[in-house]
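Since the structure comes first, as structure tokens, the remarks are kept for the end.
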Amino acid sequence: MNPYDFKTIEKKWQEIWDKKGIFAADDKSKRPKAYVLDMFPYPSGAGLHVGHPRGYIGTDVIARFMKMKGYNVLHPMGWDAFGLPAENYAIKTGIHPEISTKENIQRFKKQMNLIGLSYDWSREVNTSDPEYYKWTQWIFLLLFKKGLAYQAVLPINWCPSCKTGLANEEVVNGKCERCGTEVTKKNIRQWVLKITAYSQQLLDGLENLDWPEKIKEMQRNWIGKSEGADIDFQVKDSDVKIKVFTTRPDTIFGATFLVLAPEHPLLSQIVSKEKLEEVRQYQEETKKKLDVDRQLEDKEKTGVFIGSYAINPASGKEIPIYVADYVLPYYGYGAIMAVPAHDQRDMEFAKKYGLETIQVIQSGKELKEAYIGEGSLMNSKEFDNLDSLKAQKEIVSWLKKKKLGDFAVNYKLRDWVFSRQRYWGEPIPLVFCPNCKEKIESKKYKKNEFNIGEISNPGWIALEEKDLPLTLPEIDKFQPTGTGESPLAEVSYWVNTKCPKCGGEAKRETNTMPQWAGSCWYFIRYADPNNKEEIIDKNKARKWLPVDFYIGGAEHAVLHLLYSRFWIKALKEEKVISFDEPFLKLRTIGLILAPDGQKMSKSRGNVINPDDIIKEYGADAFRIYEMFMGPFDQPISWDTKSIMGAKRFLDKVYAVSCSIADVSSKKTEKLLHKTIKKVTEDIQEQKFNTAIASMMEFINNIDQICFDDFRRFLKLLSVFAPHISEELYKPESSIFNESWPEYDKKIVIDEKIEIAVQVNGKLRDTIFVNLDSDEEEVKNIALQSEKIQKYIEGEMKKTIFVKNKLINFVI
RNA sequence: GCCGAAGUGGCGGAAUGGCAGACGCACAACACUUAAAAUGUUGCGAGCUUUUGCUCAUGAGGGUUCGACUCCCUCCUUCGGCACCA
């Protein structure tokens, strides 16, 4: 048997597809649309390894399948091209990120084309292209004007030696990845987006999405809704009230102290003179700690009494106020009422500092550990003996009447820190104008002169749409400034500008946007990539959006998918688009690990390059193997040996094409229809591995096949192995312009079927019976079997009969 | 610690209440060949058995059921995610 010449065939068809534009999405077609999308990659310097294409091939199978099913398919690809590695590479080598990024994109594209992926390259987008990021900036301004952007001073990871801010991934074990210095915190002015304004909507929106339950659950946990109460604690001898959130207002009589986070804003007002120094020192200590350290598992609790007391609004008792780092500033109000009897952390803290413990829920046993369950109340005055769930409602209502508290909902979700002190990102299109600042602060401005964003961030003025894109200035020094600011801050000709509102002297914002910005909305742009007037034409938006099928790594379960959903909800409110969830159906890919079971990475030296595999076995064999190796959503180790199986299968298909008969045998015909059924169903459930297995069975078991039937088989194969299928199909234009084969229900059915005969649930024989035989008929045949007779001695208690499956005699 | 997923031949996996191991890899024997490779044919969970066949076997133990890889309980292991969340 001659192996087929994949090199020639694959190159030939890739060129034909490209020339004829077979896979271009048609803006004018009346056919129903299917938008099939990959998560676009960051074009790293390392190129693709064999793990990346798994998702791309899966998406490609679906896109080609949908096309043959009669859909007008949109299947684009692009580049998430801003990001840290390109900038770090520039710092090291002086090569401009734009240049290295362009080179990387070339390489990625070449590798993708070798695989034969059916992308519509006419719609390619690149997030670092000014024509693209013009619209990223446009969306930012829309959010800003809507009041969804605000400034805050927040700590960033800071390397005191490199004098630069660090991303979380650049901090390894609390040390700077580059120089090994201990990382500390530095407060920096940041832009923050109010994603929390959409907490409930983001939670509710998950309901109707066809996403893996696991991913939905992760988003729910991330949003972290909890219901409880806000309660005010009056500070003794002061006007200050400390607000806390609690999920257990029923335990309020057991609240014997308050704990504030070291970052709590009211701390300085209520700390006593004697304790001032001690508290300040504790705050400093906390600053040195990284979140990681602060959250270490069995770390001993630390804290400081601040010398002041608060009044428990229920019991009226005076309770001490502490500051401790186990209370986090971001969650709730950065302050808790501590109930040592019913919260383990509070109990540990109380034991260490000798604080009072009052049990208020009956637990039925001695309290060695905090009792966190439900029960009847005790030590709670008029609420005694009330069930804790009921007591929650009554106590909050009672506090509400006294104006000391109210029912409240709290979310774990935090607002999104949106600025980066970096060069290689989208410039934030704002200027700071002292003149306008004064105008806003003195309220001497006309109605509609300033937008909501400008009024709530005095001095910060939005660029006008006609001035977008605000492009990155060319620089050749990418080194960090040492002050924590972006390298852009050094480019004075760029920074100093005129205010678009008043024409006065102004300075540009030098922070840039995070990498997520471009990926929040790229799928919108694919529908209308070259539009210079609008972000997207309304008709095209209606035609293509939202995404019907989205495939990517589970590592994006929370951030990318959540941020993107947030932007879409805001854009819908502004009527830019008319859908409120971007990705209707989502499926995740299992990681491909190196043969050693480790993650593939350059540093481990275990990377397998798809180019080498394709050179040796061909793109079709590579594609078949990637889809055959195991369930699509499970992680799996690469095994180059096993690809031989895929190659042999294709060689066999090729051999069949050389011995075509005039008519197919009955056996072959039946098998063909069964295979069509199985492959169709499996593709719809992304069970690509079993779809391929059934095609292998088909090829292994046919005896005599005619060209028409062989072509039907090739259609099934074509979505997985497109090149060889095109070649053998001998098409007019392309096999992908043909329609997906249908199977005949009558042919699929077997008239005689084999069923299992069991005695006491153990298999003893199998017999052939007519399809749909009834119990009596099967019983008669089964009892004739000698094997069965051997086992049937004594009284038959009952017979279990499952039509077309089995008969079981219970003795 | 919590949440989630998973555990099946030498290996990747199939079967999600009804004949465990489809399909593939590796391996072995045979055929073709001067030879090797490639290809083809056959075999391939373990034990007992001359064959027929029998017994055991899906991480461990228990349970439900006529019947359990599949459902329930306890435990072990691995992988992922989250982690002092008030």
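To find a chain, count down the sequence lines: A is the first, B the second, and so on, and within it residues start at 1. The figures that follow rest on heavy atoms only: side chains count, while hydrogens, waters and symmetry mates do not.
A/Y330 places its OH atom 16 Å from the P atom of B/rC85, with the value rounded to the nearest Å. Rounded to a whole Å, the CG atom of A/D343 is 14 Å from the C1' atom of B/rG1. B/rA37 atom P lies 17 Å from atom NZ of A/K647, rounded to whole Å. Whole-Å rounding puts the A/M218 CE to B/rG81 P distance at 7 Å. Straight-line distance from the CE atom of A/M629 to the P atom of B/rA14: 13 Å, rounded to whole Å. Here the P atom of nucleotide B/rA86 and the CG atom of A/D250 are 13 Å apart, to the nearest Å. Nucleotide B/rA86 holds its C1' atom 15 Å from the NZ atom of A/K243, rounded to whole Å. Regarding A/L562, its CG atom lies at a distance of 17 Å from the P atom of B/rG81, rounded to whole Å.
Using the Watson-Crick or G-U wobble rule with both distances under 3.5 Å, B/rG7 pairs with B/rC76. Remark: B/rC44 base-pairs with no nucleotide; criterion is Watson-Crick or G-U wobble with both hydrogen-bond distances under 3.5 Å.
When only modelled atom types and interatomic distance are considered, A/T196 and A/D415 share a side-chain donor-acceptor pair under 3.5 Å. A donor-acceptor contact closer than 3.5 angstrom links the side chains of A/N700 and A/K652. Residues A/Q200 and A/K225 bring a donor and an acceptor atom of their side chains to less than 3.5 Å of each other. Looking only at atom types and distance, the side chain of A/Y625 has no donor-acceptor partner in the side chain of A/D639 under 3.5 Å away.
The side chain of A/Y326 sits closest to B/rC84 out of B/rC84, B/rG4, B/rG13. For A/N808, counting side-chain heavy atoms from C-beta on, the closest listed nucleotide (B/rG18, B/rG4, B/rC19) is B/rG18. Distance from the side chain of A/N700 is smallest to B/rG24 among B/rG18, B/rG24, B/rG12.
A salt bridge is absent between A/E348 and A/K352: the closest approach of a Lys/Arg side-chain nitrogen to an acidic carboxylate oxygen does not fall below 4.0 angstrom.
Side-chain N/O atoms of A/K798 include one lying less than 4.0 angstrom from OP1 or OP2 on B/rC66.
Scanning for salt bridge (Lys or Arg N to Asp or Glu O under 4.0 Å) contacts around A/E217 gives A/R220, with sequence neighbours left out.
Taken residue by residue, residues 688-696 of chain A places heavy atoms nearer than 4.0 Å to RNA chain B at A/N689, A/T690, A/A693, A/M696.
The residue A/I800 sits close to a base: some heavy atom pair falls under 4.0 Å. Backbone-only contact: A/R764 has heavy atoms under 4.0 Å from sugar-phosphate atoms and none from a base.
When each of A/Q684, A/Q686, A/K678 is paired with A/D682, the side chain to side chain donor-acceptor pair (under 3.5 Å) condition holds for A/K678 and for no other.
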